[in-house]
> 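This is the structure I have questions about; it appears just below.
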Amino acid sequence: MFQHKKHLFFDLDHTLWDFEKNSALAYERIFEERKLLLHLPKFLEVYIPTNLKYWKLYREEKISQEDLRFHRLKEVFDALDFTSITKNEVMEIAHDYIAYLPTFNYLYEGAMEILEYLQPNYHLHIITNGFAEVQHRKIQQSGLEHYFKTVTNSETAGVKKPNPQIFQTALQLAQANLSESIMIGDSLEADIEGAQNFGLDTIYFNEFQIPHQNPTPQVFHLLELKEWF
């Protein structure tokens with residue numbers, strides 16, 4: 001049990017904010033506006049793992065933000081043999097996607113309820129690798145803003161999870177001690193192993209019940225956090 005903790009640090013995407021659902025809605029709008037003759041479910045089937053691959057490269061400082069935005073789309077269109085699209089159109093779609101994504105703000109089931117439950121007794125914070133402006137809009141427009149005392153973003157921190165420096169920056173911003181803090185997130189590599197290597201306790205939000213060897217406590221639904229706090 002972690003009732004002794006004072007500061008709870010949450011990941012945002014795939015933990016509180018339903019990235020895949022909101023992302024699909026953003027692409028649906030783009031496809032409709034541009035009248036793209038592509039089957040959206042097939043596009044998403046290829047896009048989702050491709051996006052995860054490019055985010056891993058981005059976390060590892062192997063590609064830039066602009067490379068991530070462009071090449072994840074270019075690779076998907078190439079894989080689907082959608083050769084009629086130009087480089088400029090890919091760049092425009094990448095730009096539209098960033099603009100539209102925060103306008104859809106579905107949260108995971110139980111997100112608001114668990115935050116309402118935790119807020120009276122704990123200081124809540126966010127640590128995210130997402131782009132600063134986009135993440136700010138997500139937090140603001142989804143109604144999450146008033147729950148969190150601080151938001152640490154990889155752009156402003158200068159490093160990305162799992163780099164230990166981002167956790168150090170987050171604790172300094174929150175004026176929190178290591179022993180009274182805990183990280184909650186969906187990524188074993190970025191959130192859990194990154195935080196553990198820094199010395200933080202962790203809880204893994206394992207939505208898809210993926211088998212793993214990490215000894216961290218885990219929950220399959222956000223409301224299961226009540227069992228730990």
> Same cluster or not: L57 versus V159, using hydrophobic residues (I, L, V, M, F, W, Y) connected whenever any side-chain heavy atoms lie under 4.5 Å apart?
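Not linked; separate clusters.
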> One thing to verify: whether R29 and E32 come together as a salt bridge, which I'm taking to mean a side-chain N less than 4.0 angstrom from a carboxylate O.
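No, no charged N to carboxylate O under 4.0 Å.
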> If you round to the nearest 0.5 Å, how far is CD of Q141 from CD1 of I139?
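Reported to 0.5 Å precision, the distance equals 11.0 Å.
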> Could you measure the distance from the CZ atom of F198 to the CG atom of L171? Nearest 0.5 Å is fine.
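Here the interatomic distance stands at 5.5 Å.
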> Given ring pair (Phe, Tyr, Trp, His ring centres under 6.0 Å), test F131 with W55 step by step and report yes or no.
CA-CA 11 Å; F131 309 135; W55 268 101; 5.4 Å; yes
> For a quick check under 3.5 Å, do Y58 and S64 share a side-chain donor-acceptor pair by atom type?
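Side-chain D/A pair, Y58 to S64: absent.
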> Taking the side chain from N51 and the backbone from Y47, do they hold a donor-acceptor pair closer than 3.5 Å?
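Not at all, since once roles are kept as given, no pair shorter than 3.5 Å links the two residues.
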> Pick one: which of R137, K138, K21 meets side chain to side chain contact (heavy atoms under 4.5 Å, CB included) with N105?
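Result: among R137, K138, K21, K138 is the only option passing the side chain to side chain contact (heavy atoms under 4.5 Å, CB included) with N105.
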> Let me have the donor-acceptor pairs involving side chains of residues 145-152, under 3.5 Å, with sequence neighbours excluded, atom names and distances please.
residue, atom, partner, partner atom, Å
Y147, OH, E116, OE2, 2.6
T150, OG1, H125, ND1, 2.6

> Give, for atom NZ of K5 and atom CD1 of I203, the distance between the pair rounded to the nearest 0.5 Å.
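Those atoms lie 9.5 Å apart.
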> Check the hydrophobic clustering (I, L, V, M, F, W, Y; side-chain heavy atoms under 4.5 Å; chains of links allowed) and say if I114 and I184 are grouped together.
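Both belong to a single hydrophobic cluster.
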> Looking at I127, is its backbone amide N or carbonyl O close enough to the side chain of K161 to form a donor-acceptor pair, meaning the two atoms are under 3.5 Å apart?
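Judged by distance alone, yes, a pair lies under 3.5 Å.
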> Less than 4.0 Å between a side-chain N and a carboxylate O, is that true for D67 and K62?
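Salt bridge: no.
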> Using a distance-only test with no angle check, is there a side-chain donor-acceptor pair under 3.5 angstrom linking N129 and Q135?
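No - no donor-acceptor pair under 3.5 Å links their side chains.
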> Mind checking ring pair (Phe, Tyr, Trp, His ring centres under 6.0 Å) for Y117 and listing every partner two or more places apart, or none if nothing turns up?
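Counting only residues at least two positions away or on another chain, Y117 forms no ring pair (Phe, Tyr, Trp, His ring centres under 6.0 Å).
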> Tell me whether F205 is reachable from F9 by hopping between hydrophobic residues (I, L, V, M, F, W, Y) whose side-chain heavy atoms are closer than 4.5 Å.
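F9 and F205: separate clusters.
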> Could you tell me the separation between the OG atom of S142 and the CG atom of L107, rounded to the nearest 0.5 Å?
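Atom-to-atom, S142:OG and L107:CG are 5.0 Å apart.
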> Could you tell me whether a side-chain N or O of E224 sits under 3.5 Å from a main-chain N or O of F220, the two making a donor and an acceptor?
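Indeed, once roles are kept as given, a pair shorter than 3.5 Å links the two residues.
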> Do the charged groups of E75 and K53 touch, with an N to O distance under 4.0 Å?
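Between K53 and E75 there is a salt bridge, with a charged N closer than 4.0 Å to a carboxylate O.
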> Give a yes or no on whether a salt bridge exists between R59 and E189, defined as a side-chain N under 4.0 angstrom from a carboxylate O.
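E189 and R59: salt-bridged.
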> Hey, could you give me the CD1/CZ distance between I85 and F82, rounded to the nearest 0.5 Å?
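I85 CD1 to F82 CZ: 5.5 Å, rounded to 0.5 Å.
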> Please round to the nearest 0.5 Å and tell me the distance separating atom OG of S179 and atom CG of L200.
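S179 atom OG to L200 atom CG measures 10.0 Å (nearest 0.5 Å).
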> Determine, using the 4.5 Å side-chain heavy-atom cutoff (strictly less than), whether F77 and I98 are members of one ILVMFWY cluster.
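Both belong to a single hydrophobic cluster.
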> Could you identify which residues cluster with F104, counting Ile, Leu, Val, Met, Phe, Trp and Tyr as linked when any side-chain heavy atoms lie under 4.5 Å apart, either directly or through a chain of such contacts?
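Members besides F104, by chain and number: L25, Y106.
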> Could you tell me whether K160 and E155 have a side-chain N and a carboxylate O separated by less than 4.0 Å?
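Answer for the salt bridge query: no.
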> Hydrophobic clusters here meaning ILVMFWY residues chained together by side-chain heavy-atom distances under 4.5 Å, can you tell me if I166 and V134 are in one?
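Hydrophobic grouping puts I166 apart from V134.
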> Going by the rule side chain to side chain contact (heavy atoms under 4.5 Å, CB included), which residues pair with L40 if we only count those two or more places apart in sequence or in a different chain?
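So L40 forms a side chain to side chain contact (heavy atoms under 4.5 Å, CB included) with Y27, E28, F31, F43, L44.
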> Taking T103 for the side chain and Y100 for the main chain, is one N or O donor matched with an acceptor at less than 3.5 Å?
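Checking the backbone N and O of Y100 against the side chain of T103, a donor-acceptor pair under 3.5 Å is found.
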> Would you check, one step at a time, whether the test salt bridge (charged side-chain N to carboxylate O under 4.0 Å, His left out) holds for K226 with E113?
CA-CA 10 Å; K226 291 182 179 182; E113 183 177 341; 3.1 Å; yes
> Say whether N153 and T128, considering side chains only, have a donor N or O and an acceptor N or O under 3.5 Å apart.
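Not at all, the side chains of N153 and T128 share no donor-acceptor pair under 3.5 Å.
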> When Ile, Leu, Val, Met, Phe, Trp and Tyr are grouped by side-chain heavy atoms lying under 4.5 Å apart, directly or through other members, which residues fall in the same group as L37?
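Traced through the cluster, L37 reaches no other member.
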> So, does N177 use its side chain to make a donor-acceptor pair with the main chain of E180 at under 3.5 Å?
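No, because the side chain of N177 does not come within donor-acceptor range (under 3.5 Å) of the backbone of E180.
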> Give a yes or no on whether the backbone of T169 and the side-chain of Q172 come within a donor-acceptor separation of less than 3.5 Å.
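Absent.
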> For Y204, what residues pass the ring pair (Phe, Tyr, Trp, His ring centres under 6.0 Å) criterion, not counting sequence neighbours?
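Residues passing ring pair (Phe, Tyr, Trp, His ring centres under 6.0 Å) with Y204: H212.
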> Taking N22 for its side chain and L101 for its backbone only, find out whether a donor-acceptor pair lies under 3.5 Å.
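Side chain of N22 to backbone of L101: no pair is present.
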